[in-house]
Amino acid sequence: MNWILICLAVFVVLALAYYFFAPTAADHRNRGLALMQAGELAKAIREFTEVIRLEPTVAAGYFTRGLARETIGEIDQAIDDYSQAIELD
């Protein structure tokens, strides 16, 4: 019985820690911008995609992902992102 209570307590603590310390959209946006400056464009795109997942109605995520995609030559995908940003803005 005590083992079950200890496991439950550990689970609750870990769940609360994740809830309060999980990266925010701003954290992913800042990481993506830093990765773009460092030339790590594929990683930057993943960060901006996470921004979009967390804030799907905010144009900035689509715009910055579009910039990264345009830079690596993914023109059609960049146009899609820019179009979505314009639609949301």
Side-chain angles (χ1 to χ4, degrees):
M1 183 67 161
N2 286 338
W3 179 248
I4 293 172
L5 291 175
I6 290 170
C7 288
L8 182 60
V10 168
F11 174 77
V12 169
V13 167
L14 291 175
L16 288 172
Y18 178 78
Y19 177 77
F20 286 109
F21 299 110
T24 65
D27 294 331
H28 288 287
R29 186 177 300 108
N30 290 337
R31 196 173 307 141
L33 291 170
L35 287 164
M36 274 187 72
Q37 281 189 315
E40 300 278 348
L41 296 168
K43 291 178 183 177
I45 290 169
R46 285 194 293 274
E47 292 295 332
F48 297 135
T49 299
E50 187 62 15
V51 171
I52 292 166
R53 185 187 71 77
L54 294 170
E55 297 180 337
T57 60
V58 177
Y62 293 96
F63 178 76
T64 50
R65 188 174 70 177
L67 286 174
R69 284 179 162 172
E70 181 181 358
T71 302
I72 63 171
E74 294 181 354
I75 303 304
D76 291 337
Q77 295 93 331
I79 290 170
D80 291 342
D81 283 341
Y82 292 145
S83 297
Q84 186 64 35
I86 290 167
E87 195 172 305
L88 291 170
D89 198 26

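Because only heavy atoms are used, hydrogens play no part in the values below, and waters and symmetry mates are left out as well, while side chains stay in. Only a predicted model underlies this, so the values are computations on that prediction, with no experimental measurement involved.
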Would V51 and V58 satisfy side chain to side chain contact (heavy atoms under 4.5 Å, CB included), going step by step from the backbone distance to the final call? CA-CA 9 Å; V51 171; V58 177; over 6 Å; no
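- Taking each heavy atom of A78 and G66 in turn, the nearest pair found is CB-O, 3.4 Å.
- In terms of heavy-atom proximity, E70 sits nearest to I75 at O-CD1, 4.0 Å.
- The ring pair (Phe, Tyr, Trp, His ring centres under 6.0 Å) pairs that include a residue from residues 27-80 are F63-Y82, where partners are two or more places apart or lie in different chains.
- Side-chain heavy atoms closer than 4.5 Å link hydrophobic residues (I, L, V, M, F, W, Y) into clusters, and following such links, even through other members, never connects L35 to L67.
- Across all their heavy atoms, L41 and T71 have their closest contact at CD1-CG2, 3.5 Å.
- Distance CG/L33 to CE/M36: 7.0 Å, rounded to 0.5 Å.
- Here the closest non-hydrogen pair linking A22 and D27 is O-OD2, 4.5 Å.
- Under the 3.5 Å distance criterion, the side-chain polar atoms of D89 are left unmatched by any main-chain donor or acceptor of A85.
- Applying the salt bridge (Lys or Arg N to Asp or Glu O under 4.0 Å) definition to pairs two or more places apart or across chains, those involving residues 35-45 are E40-K43.
- I79 and I86 are not part of a single hydrophobic cluster, where members link through side-chain heavy atoms under 4.5 Å apart.
- Closest non-hydrogen pair, G32 versus A44, comes out as O-CB, 3.4 Å.
- Listed by chain and residue number, nothing satisfies the side-chain hydrogen bond (donor to acceptor under 3.5 Å, both in side chains) test with T64 (two or more places apart in sequence, or in another chain).
- R29 and E55 are joined by a salt bridge, as a carboxylate oxygen and a charged side-chain nitrogen come within less than 4.0 angstrom of each other.
- For the atom pair R46 CZ and R65 CZ, the distance stands at 13.0 Å (nearest 0.5 Å).
- Between the CZ atom of R69 and the CD1 atom of I45 there is a distance of 6.0 Å, given to the nearest 0.5 Å.
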